[in-house]
Each structure stands twice: as structure tokens, then as C-alpha cells.
Amino acid sequence: MELKQKVSITGLRTLNILDILLKSPASKKEILDILINNPYLKNITQETIALDINTLKSAGFEIENLGKKENYRYKINWNPIKFKLTKSELNVLRNMKNAVIELLEPVFIIKLYKLFEKITKYIENEAEDELMNFQYFLNIDFELFLELYALTKRKKDVKILYDSPHTGKKEIQIKLKEIKYNNSKLYLTGFCSDYPNITVLRVDNIIRVIKILKPNENINKAKIKTVCCKIKPAAKEKMNLLNEEKIILENKNFIKIELKFDNDFMIIQRLLSYGEDLISIKNKDIKEKYLLKLAEIKKIYEGKQ
């Protein structure tokens with residue numbers, strides 16, 4: 001009985017060390033500082049940890065000591081743990097990913113991406129490509145995005161370096177408003193004294209935040225524009241209403257939606273996202289801009305053929 005208990009404690013300790021190293025590199029002292037908080041593990045020393053790491057190596061884990069520059073931390077370069085996903089399990093993960101993307105909340109999407117990034121390291125069958133296909137979000141610098149997201153929540157004034165597809169790299173001072181996911185693209189919006197309307201920037205074209213500025217009280221806020229459109233009833237089953245949208249009439253022939261945006265560009269992007277479900281646009285000015293954008297898209301596709 002005593003022998004079994006010793007074996008169980010050794011196994012528990014080794015599994016805890018494995019869990020620590022799978023998260024990030026750690027030294028024997030750092031591992032010890034974590035393990036001593038476990039009430040089931042007693043009399044642990046750095047020598048004991050070294051023996052357990054050797055046990056993991058014997059089990060097939062490729063563990064490297066990073067040396068003096070990294071405070072002698074241990075890092076797992078490869079591990080033999082693999083598992084297969086059944087079709088139903090893969091469907092659950094696939095549906096979860098689609099549901100999170102449809103929520104249009106970028107932070108949740110990136111958190112799920114990072115979770116899948118960890119999971120797919122241990123998947124044996126060919127599910128990795130499908131699970132990691134987050135399309136547009138693969139072009140995003142996640143660390144930069146999270147920095148922008150935090151600054152946007154605090155409504156900060158910042159200077160950013162932006163790589164415009166038309167004018168190249170330039171510095172832009174902007175009072176941050178929000179980050180929006182619209183028509184499969186991620187946009188940073190805010191107020192800029194150089195432009196009369198709200199500024200809309202593609203997040204994947206932002207190179208870096210240069211600095212945080214003192215609040216500029218002289219920046220004028222853009223006016224809200226209201227636009228009405230009609231879409232097919234079936235579209236309701238596959239769309240999520242944005243905060244800027246409201247259903248004002250619904251019948252068997254169409255759904256009438258009222259959109260309130262502070263920028264024409266974002267209105268056009270949202271209308272484009274309806275695709276063939278869009279029936280009509282009431283606002284004449286927006287309708288002309290929408291048709292012009294469609295014509296531009298058509299030219300691009302015709303030029304590729």
C-alpha cells in the first residue's frame with residue numbers, strides 16, 4: 001500500500017511538471033515554487049525535479065535546457081502525446097469556431113484561435129488545417145490587436161503608423177472609438193481632425209502604435225447617418241444584427257432594417273455583407289455609392305480572369 005502511494009505521488013508530481021513545461025519554459029526553482037503550493041506533494045527538492053524531468057525524457061519527451069542566458073530553464077521541443085478526433089468531435093469544434101466568428105467579437109475569436117493553436121499540436125489526424133483556418137484573422141498581428149483593443153476600451157488618443165494601400169506608410173493621430181468586424185474584415189474606427197467623417201482603418205494595415213497622446217478636445221465627432229434597406233426573410237437565419245442595426249418591419253416578403261452608422265464606408269461594407277439577400281436600399285446617396293462599389297469589385301474580378 002505504501003509503495004503504491006509513493007508511485008502515485010511520483011506520477012502526480014511528474015504530471016504537474018509536464019503541465020508546467022507545456023505552458024512555458026521553467027527552471028527547477030520556478031517549478032519548485034509552483035509545486036510547493038500543492039498540498040499532496042511534500043518534501044520536493046530541485047534534485048527530485050531533475051529526476052522527474054529525466055523520467056519525462058525517458059518517456060519520449062524532447063526537453064532542452066536553455067542555459068545560463070535563460071536562467072537554466074527547461075523547454076519541451078517535442079512531445080509524444082497525440083490523440084485523434086472523431087468526426088463528431090471535429091464537428092463540435094468546427095461549429096464552435098463558426099459560432100464564435102458569427103458573434104463578431106474579435107477578442108473571443110482570437111482567444112479561440114490561441115486555444116486551437118495549443119490543441120492542434122497534439123492532434124494526430126488531419127484536422128489541424130481546418131481548425132486553424134480563421135481566414136482574415138490569420139493576417140492580424142494578435143499582440144498589436146490586443147494593444148489596440150485595450151487602448152480603444154479606454155478611448156485613448158494615439159499616433160499610429162499605417163500602411164495605406166493607396167498612399168503608403170504614414171502617421172495618423174486618432175481618437176479611438178471602437179474596433180468592428182464587418183464584412184469579414186476588422187476595422188479600427190475613431191475621430192481624426194484631418195477628416196470630416198469618422199476615420200476607418202483596416203487593422204491588418206496598422207504597423208504599430210507609435211505613442212499614446214494627450215486627449216485632444218478639439219476633434220469633432222462625426223454625425224450619425226440613418227439608412228433603411230430591405231433584405232430577404234431567409235437572411236435572418238444566417239445573420240447577427242449589429243448594435244447599429246434594428247429590424248423595423250418584418251413580413252413574408254422582406255425584412256426592413258434601419259442602419260445607423262457614422263461613416264459611409266462602414267454602411268457600404270455592411271450592405272455588401274448581405275450579398276444576394278439584399279433587396280433594396282432606400283437612401284439614394286448610399287445606393288449610388290453601393291452600386292459604384294459593386295462596379296469596382298466587378299472590374300477587379302473581370303481583370304483576374
Side-chain angles (χ1 to χ4, degrees), residues 5-85 89-90 93 96-97 100 106-135 137-151 153 186 203-204 206-209:
Q5 188 178 30
K6 286 182 179 178
V7 171
S8 298
I9 291 173
T10 301
L12 177 62
R13 189 178 61 240
T14 305
L15 286 173
N16 273 270
I17 292 171
L18 175 60
D19 180 57
I20 293 167
L21 293 179
L22 284 173
K23 290 176 181 174
S24 64
S27 66
K28 285 183 283 190
K29 183 180 182 306
E30 289 168 336
I31 294 171
L32 180 60
D33 290 342
I34 296 172
L35 294 185
I36 57 176
N37 294 319
N38 191 319
Y40 298 102
L41 301 176
K42 299 177 181 179
N43 303 320
I44 306 171
T45 65
Q46 291 193 31
E47 289 72 24
T48 310
I49 291 169
L51 289 172
D52 291 335
I53 288 174
N54 286 333
T55 299
L56 288 171
K57 287 181 179 179
S58 300
F61 290 86
E62 186 181 301
I63 302 176
E64 172 192 5
N65 190 303
L66 299 176
K68 187 176 180 179
K69 288 185 178 180
E70 296 292 333
N71 294 322
Y72 299 101
R73 288 186 172 92
Y74 290 92
K75 178 187 176 185
I76 294 180
N77 292 324
W78 183 85
N79 77 79
I81 298 175
K82 295 286 180 180
F83 62 90
K84 289 186 177 181
L85 291 176
E89 289 168 339
L90 181 59
L93 293 177
M96 180 195 301
K97 182 181 75 172
V100 170
V107 168
F108 294 153
I109 296 172
I110 289 175
K111 283 184 177 180
L112 187 66
Y113 176 89
K114 290 189 172 183
L115 174 62
F116 280 4
E117 200 172 34
K118 292 178 181 178
I119 290 174
T120 51
K121 291 178 182 178
Y122 312 114
I123 293 177
E124 199 170 67
N125 48 357
E126 298 176 358
E128 180 178 357
D129 290 342
E130 182 175 359
L131 290 179
M132 295 307 298
N133 182 13
F134 277 65
Q135 298 172 347
F137 281 86
L138 297 178
N139 300 323
I140 300 295
D141 179 337
F142 290 163
E143 297 306 317
L144 174 61
F145 164 76
L146 293 173
E147 180 186 7
L148 289 168
Y149 185 83
L151 292 170
K153 287 293 183 184
L186 198 60
V203 171
D204 53 324
I206 297 173
I207 299 172
R208 62 186 174 91
V209 176

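From R73, atom CZ reaches atom CG of N65 across 11.0 Å, with rounding to the nearest 0.5 Å. Taking CG of L51 as the start and CZ of R13 as the end, the distance is 8.0 Å to the nearest 0.5 Å. A distance of 11.5 Å separates OH in Y72 from CG in L66, rounded to the nearest 0.5 Å. Taking CD1 of I53 as the start and CG of L21 as the end, the distance is 6.0 Å to the nearest 0.5 Å. Separation of atoms CG (L32) and CG (N37) is listed at 9.5 Å; rounding is to 0.5 Å. With rounding to the nearest 0.5 angstrom, the CG atom of L144 is 6.5 Å from the CD1 atom of I206.
Residue K57 places its NZ atom among more than 12 non-hydrogen atoms of other residues, nucleotides or ligands, all under 6.0 Å distant.
Distance alone, capped at 3.5 Å, is enough to place a donor-acceptor pair between the D141 side chain and the E143 backbone.
Here the shortest heavy-atom pairing between N71 and S27 reads O-CB, 3.5 Å. Pairing each heavy atom of P25 with each of E30, the nearest pair is O-OE1, 4.4 Å.
Looking only at side-chain heavy atoms (C-beta outward), I44 and I49 come within less than 4.5 Å of each other. Contact annotation: the side chain of D52 never approaches that of N16 to less than 4.5 Å [non-hydrogen atoms, C-beta and beyond]. Two residues are said to be in side-chain contact when any heavy atoms from C-beta on lie closer than 4.5 Å; F61 and L18 meet this criterion.
Between L35 and the options L12, T48, I20, a side-chain contact (heavy atoms from CB on, under 4.5 Å) holds for only I20.
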Candidate pair L186 and F145, rule side chain to side chain contact (heavy atoms under 4.5 Å, CB included), full reasoning: CA-CA 10 Å; L186 198 60; F145 164 76; 3.8 Å; yes

